[in-house]
Amino acid sequence: MSDVFKSGFVAIVGRPNVGKSTLLNQIIGQKIAIMSDKAQTTRNKIQGVYTTNDAQVVFIDTPGIHKPKHKLGDFMVKVALNTFREVDMIFFVIDADAGYGRGDEFIIEKLKRVEETPIFLLINKIDLVEPEALLDLIAKYSEMLDFEEIIPISALQGNNLGTLLEETTKHLAEGPMYYPADQVTDHPERFIISELIREQVLKFTHEEVPHSVAVVIEGIEVNSETHKLHIMAQIIVERSTQKGILIGKQGQMLKQIGMRARKEIELLLGSKVYLEIWVKVQKGWRDKEHFLNDYGFDHDEY
């Protein structure tokens, strides 16, 4: 163990669906951020804590930066951009397979205003592109911003993550251990449980439903007879047609979502769970501030 202990906060930013949550989960070694092939699935800042004998890095997975279409979208983008001011380092993640896009240009313009904070460019999904295409991307982005490091990675396969963590630690200053060594996230279990349920909704439903969904944990209690955790969760949607899709024929869709979510929650908590889920319609909740606040998207914090 080194005599010097280093620590700091690192923001993971980028367009929607470039692999930020996959990267965070891979670094931490367990699922704390939901993953989906649908864009804009991360809505709040999710902090993952990575601790070694010599350093502690708090990674902040931010919502994908995109053009907002409602107040929830405004909130998500504001969360991501405000994170720039709170951290010691920034990871700008791009999708090698998708290539350069207008969204990247928008983010780079914001990053140009960042002073002194080191910015790493992480070119993700390198397993999906040829070496020539990768070199072209490196050249293109190098002209746009003076990145501290440019590191090609595959978050899904774990390629170059060791190098990334080494370089990250090198650029951190001496600092305290902010969290206990065995803690992997700052979020309460209720938040992660709600996210694990929402992940299954995203997996099983089509474009009409996913982004209209919020999950609220109504209660968690221990059954005195079975000693199982009884978790009561409410899935909020905007339209009655969405409620019908989520429940499915004879309740089969909701049953499938609940079964898959329960398995993920049991892995997280290490105990048996009885998961009770019901669906509620709350029209236009994504554009009403009092609902956003009720469901955990507090504008006042940002």
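Residue indices begin at 1 and follow the sequence shown.
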Peer 1: Would you compute the distance between atom OG1 of T52 and atom CG of L165 and round it to the nearest 0.5 angstrom?
Peer 2: 9.0 Å
Peer 1: Transitively linked via ILVMFWY side-chain contacts under 4.5 Å: F147 with L134?
Peer 2: yes
Peer 1: Within the side chain of N124, is there an N or O that forms a donor-acceptor pair under 3.5 Å with the backbone of A155?
Peer 2: yes
Peer 1: At their closest point, which heavy atom of T51 faces which heavy atom of Q56, and how far apart are they?
Peer 2: OG1-NE2, 3.0 Å
Peer 1: Measure across V237 and Q242 and return the closest heavy-atom pair with its distance rounded to 0.1 Å.
Peer 2: CB-OE1, 3.6 Å
Peer 1: To the closest 0.5 Å, what do you measure between CG (N160) and OG (S154)?
Peer 2: 9.5 Å
Peer 1: By salt bridge (charged side-chain N to carboxylate O under 4.0 Å, His left out), which residues pair with E218, not counting sequence neighbours?
Peer 2: none
Peer 1: Is the backbone N or O of T22 less than 3.5 Å from a side-chain atom of N25, with the two atoms forming a donor-acceptor pair by type?
Peer 2: no
Peer 1: For a 4.5 angstrom cut-off between non-hydrogen side-chain atoms, does N159 reach I153?
Peer 2: no
Peer 1: Start with the C-alpha gap between R15 and F106, add the side-chain angles, then the distance that decides, and say whether side chain to side chain contact (heavy atoms under 4.5 Å, CB included) holds.
Peer 2: CA-CA 10 Å; R15 282 190 291 167; F106 174 76; over 6 Å; no
Peer 1: Does a side-chain heavy-atom distance below 4.5 Å link I123 with V129?
Peer 2: no
Peer 1: List for me each residue that meets ring-ring contact (aromatic ring centres under 6.0 Å, His included) alongside Y141, sequence neighbours excluded, and say none if there are none.
Peer 2: Y100
Peer 1: Determine which pairs satisfy salt bridge (charged side-chain N to carboxylate O under 4.0 Å, His left out) with at least one residue from residues 136-163, sequence neighbours left out, and list them in order.
Peer 2: none
Peer 1: Taking all non-hydrogen atoms of both residues, which atom of L229 and which atom of V222 are closest, and how far apart?
Peer 2: CD2-CG2, 3.7 Å
Peer 1: Between I245 and M253, which heavy-atom pair has the shortest distance, and what is it?
Peer 2: O-CG, 3.4 Å
Peer 1: Does the pair R198/E195 count as a salt bridge with the N-to-O cut at 4.0 Å?
Peer 2: yes
Peer 1: To the nearest 0.5 angstrom, please state how far the CD atom of Q183 sits from the CD1 atom of I28.
Peer 2: 11.0 Å
Peer 1: Does T169 reach the side chain of D54, with side-chain heavy atoms less than 4.5 Å apart?
Peer 2: no
Peer 1: Treating E264 as the side-chain partner and I197 as the backbone partner, does any N or O pair qualify as donor plus acceptor under 3.5 Å?
Peer 2: no
Peer 1: Verify the cluster assignment for F92 and L145: are they in a single hydrophobic cluster under the rule of side-chain heavy atoms below 4.5 Å apart?
Peer 2: yes
Peer 1: Kindly work out whether a path of hydrophobic side-chain contacts (I/L/V/M/F/W/Y, heavy atoms less than 4.5 Å apart) joins V49 to Y178.
Peer 2: yes
Peer 1: Using modelled atom types and a 3.5 Å cut-off, is there a donor and acceptor pairing between side-chain atoms of Q234 and backbone atoms of K280?
Peer 2: no
Peer 1: With ring-ring contact (aromatic ring centres under 6.0 Å, His included) as the rule and sequence neighbours excluded, what pairs involving residues 242-281 come up?
Peer 2: H230-Y274
Peer 1: Do V10 and I90 come close enough that some side-chain heavy atom pair is under 4.5 Å?
Peer 2: no
Peer 1: Would you say the side-chain atoms of Q252 pair up with the backbone N or O of K249, donor to acceptor, closer than 3.5 Å?
Peer 2: no
Peer 1: Are V281 and I257 linked, directly or through intermediate hydrophobic residues, by side-chain heavy-atom contacts shorter than 4.5 Å (ILVMFWY only)?
Peer 2: yes
Peer 1: Which heavy atom in G99 sits nearest to a heavy atom in L137, and how many Å separate them?
Peer 2: CA-CD2, 4.3 Å
Peer 1: Measure the spacing between OG1 of T168 and CD1 of I27 and express it to the nearest 0.5 Å.
Peer 2: 7.0 Å
Peer 1: Can you tell me how far apart CG (N53) and CZ (F5) are? Round to the nearest 0.5 Å.
Peer 2: 8.5 Å
Peer 1: Does the side chain of K203 come within less than 4.5 Å of R260's, by heavy atoms?
Peer 2: no
Peer 1: Can you run down the salt bridge (charged side-chain N to carboxylate O under 4.0 Å, His left out) pairs that involve residues 153-171, sequence neighbours left out, and say none if there aren't any?
Peer 2: E167-K170
Peer 1: Could you name each residue pair satisfying salt bridge (charged side-chain N to carboxylate O under 4.0 Å, His left out) that touches residues 113-132, not counting sequence neighbours?
Peer 2: D95-K125
Peer 1: Indicate yes or no: at least one non-hydrogen side-chain atom of L23 is less than 4.5 angstrom from one of F59.
Peer 2: no
Peer 1: Is L254 close to I235 at the side-chain level, that is, under 4.5 Å between some pair of heavy atoms?
Peer 2: yes
Peer 1: Do L135 and I151 share a hydrophobic cluster (ILVMFWY, side-chain heavy atoms under 4.5 Å, transitive)?
Peer 2: no
Peer 1: Between M232 and E221, is there a side-chain heavy-atom distance shorter than 4.5 Å?
Peer 2: yes
Peer 1: Whether the side chain of S194 engages the backbone of I217 through a donor-acceptor N/O pair (distance < 3.5 Å, no angle test) should be reported.
Peer 2: no
Peer 1: To the nearest 0.5 Å, what is the distance between CD on Q200 and CD1 on I277?
Peer 2: 9.5 Å
Peer 1: Specify the closest pair of heavy atoms between L275 and R262, including all atoms of both residues, with the distance to one decimal.
Peer 2: CD2-N, 3.9 Å
